[in-house]
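Note that the structure is predicted; figures quoted are calculated from it, not measured. Whatever order the structure lists ligands and atoms in, that order sets their numbers, starting from 1.
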Amino acid sequence: MKPSRAAGRLTPAPENFLDAGQIAAVQAGRREFLRGAFLAAAAAIAAPEAEAATQAGDPAILELPEHSRGLGQPVVARGYGLPSQFEKNLQRRESPGLTRVGAASVSFAPLQGLFGIITPSGLHFERHHQGWWDIDPSRHRLMVMGMVRQAKVYTMDDLMRLPAVSRMHFIECGANTAMEWGNVSVPTVQYTHGMLSCCEFTGVKLATLLDDCGFDRRNGRFVLAEGADGSSLTRTLSMERALDDGMVAWAMNGEMLRPENGYPLRLVAPGIQGVSWVKWLRRIEVGDQPWGTKDEVVHYVDLMPDGTLRQYTSIQECKSVITSPSGGQFLLDKGFYNVTGLAWSGRGRVKRVDVSADGGRNWRTARIESPVLPKCLTRFNIDWVWDGGPAILQSRAIDETGYVQPKISQLRAVRGKRSIYHNNAIQSWKVAESGEVSNAQVY
Ligand code: MTE
């Protein structure tokens, strides 16, 4: 079994974990290979290239491969472009045994292998309550009703004639990181934090639609959104949030939504937990109080230590995670590494991210990469020289409201250990002397 080091990443498949012996063998083998190949090439070639390769210690560059000598493939004249065959390992994955039926399940985004802040559409996480559908857009309708002057039914063509906007936002399921409330339970960042994605969405502002129907500005304080799938998922949104940046979107990352992400129409509710981003959106109702539907009264609520359920805590608080190095990866040699990760806040922009390599005793401020947008993922990077000893990597984000991402012990002090949703605690990755990186909890 060989680890993949494509594009400088250390991303063995989650199921391909190497034990300490295998890691040592890979490391020794790699050094041996380089030394042998280097001596052979240096003996055979006496040229400036050989000298440069000698200095660089990498003789493979001296052999001109087939692709530098022959004719390449013709243009892909038709069809949809696909990733390289060497990137096949980068996939959404299901957590085995998490749910009993695949139609009411989750597939997690492979955060460990992504760059920048945009999630490619084919790797966007999925969460369905009752399976997904590929709905014919010519038959899809959206009804706006309730406390409005005139109820309306829109076709997709009607909607796409309205003034459109494009915005980049993260979506995070309220259940992301749920399995870590008690103890460490899953091995990789894909499973701890992979119910998270970030895309550019295009659609019409909810405010535009509500205006178009003449909603009751005085008494219309809430909006209900309903999906067209069998689960009839329904969620209440406050009018304030709906008018602020709510959007009815048909496009994601420059193309129509993918069927599993709500094609042809979904609600975009920036900063609010994923369940409120109703897919296959078919109905919007304006009302004067929350509806208290099954999807908000007993699900996506916080089980408090005294046994009560806290409802409507829907904003995704400030959070961050190091995506590389992260659980399931391993460091081949000591020396320089770029530690990278993602930070986000449902309340606005990320202001700062600090990184610790010693379990939270000392912190350094990471470089935040632009763009830094409200309710959007923010990429951070920081230089790190691994001395070959044990280390614990952590990141801690602070948003523009001044809110600081908590430790798991701080969260548990308020919420207890039996909660499921809204775990935004600092994540720890333990680096062993062998170079193996694993999930750990630091209190
Ligand atoms: N909308 C409908 N109609 N049906 C669903 O099952 N799942 C919700 C939400 N919208 C769901 C839905 C949940 S729980 C989440 S986290 C997000 O969609 C996930 O969106 P995604 O599948 O595009 O990642």
Quiz item: Numbering the atoms of ligand 1 from 1, which are under 4.0 Å from a heavy atom of Ile171?
Solution: 20 (O)

Quiz prompt | Sidechain N-carboxylate O distance under 4.0 Å for Glu226, Arg282 | solution = yes

Quiz item: Counting each atom of ligand 1 from 1 as listed, which ones have a heavy atom of Cys173 under 4.0 Å away?
Solution: 16 (S)

Quiz prompt | Centroid-centroid distance, Tyr191 to Phe108, less than 6.0 Å | solution = yes

Self-check item: Proximal atoms of ligand 1 relative to Trp277 (non-hydrogen, under 4.0 Å)
Solution: 9 (C), 10 (N), 18 (O)

Practice problem: For ligand 1, note which part of Leu281 has a heavy atom under 4.0 Å away: side chain, backbone, both or neither. | Solution: neither

Quiz item: Between Arg167 and Asp245, is the closest basic N to carboxylate O distance under 4.0 Å?
Solution: no

Practice problem: Measure the distance from atom 22 (O) of ligand 1 to every protein heavy atom, then report the residue, atom name and distance (to 0.1 Å) of the closest one. | Solution: Lys279 NZ, 2.5 Å

Quiz item: Any sub-3.5 Å donor-acceptor pair from Arg379's side-chain atoms to Gly116's backbone N or O?
Solution: yes

Quiz item: Taking heavy atoms and a distance under 4.0 Å, where does Leu233 meet ligand 1: side chain, backbone, both or neither?
Solution: side chain

Practice problem: Determine yes or no for a side-chain-to-main-chain donor-acceptor pair under 3.5 angstrom, with Ser197 supplying the side chain and Phe125 the backbone. | Solution: yes

Quiz item: For atom 23 (O) of ligand 1, which of Glu126, Arg127, Arg266 has the closest heavy atom?
Solution: Arg266

Self-check item: ligand 1 contact by Glu260, heavy-atom criterion under 4.0 angstrom
Solution: yes

Exercise. Assess whether side-chain hydrogen bond (donor to acceptor under 3.5 Å, both in side chains) is satisfied between Gln273 and His422, documenting all intermediate values.
Key: CA-CA 9 Å; Gln273 61 180 335; His422 312 126; 2.9 Å; yes

Quiz item: Considering only heavy atoms of His128, which atoms of ligand 1 have at least one such atom less than 4.0 Å away?
Solution: 6 (O)

Self-check item: Shortest protein heavy-atom distance from atom 9 (C) of ligand 1, along with the residue and atom involved
Solution: Gly274 O, 3.3 Å

Quiz item: Going by distance only, is there an N or O of Ala228 that falls short of 3.5 Å from an N or O of ligand 1?
Solution: no

Self-check item: Between Tyr403 and Asn424, a side-chain donor and acceptor under 3.5 Å
Solution: yes

Quiz item: Would you say the side chains of Thr236 and Glu296 form a donor-acceptor pair under 3.5 Å?
Solution: yes

Quiz item: Against heavy atoms of Gly227, which atoms of ligand 1 measure under 4.0 Å?
Solution: 3 (N)

Quiz item: Can you find a pair of side-chain heavy atoms, one from Cys376 and one from Ile117, that are under 4.5 Å apart?
Solution: yes

Quiz item: What is the closest protein heavy atom to atom 6 (O) of ligand 1, and at what distance does it sit?
Solution: His129 N, 2.7 Å

Quiz prompt | Name of the residue among Gln316, Glu172, Lys319 meeting side-chain contact (heavy atoms from CB on, under 4.5 Å) with Leu196 | solution = Glu172

Quiz item: For atom 4 (N) of ligand 1, what is the nearest protein heavy atom, given as residue, atom name and distance?
Solution: Asp229 OD2, 2.8 Å

Quiz prompt | Enumerated ligand 1 atoms positioned under 4.0 Å from heavy atoms of Trp280 | solution = 2 (C), 3 (N), 4 (N)

Quiz prompt | Cation-aromatic face contact Arg418/Trp181, 6.0 Å, 45 degrees | solution = no

Quiz item: Is Tyr300 near ligand 1, meaning one of its heavy atoms is under 4.0 Å from it?
Solution: yes

Practice problem: Quick one: look at Val275 and ligand 1, take heavy-atom pairs under 4.0 Å, and tell me if it's side chain, backbone, both or neither. | Solution: both

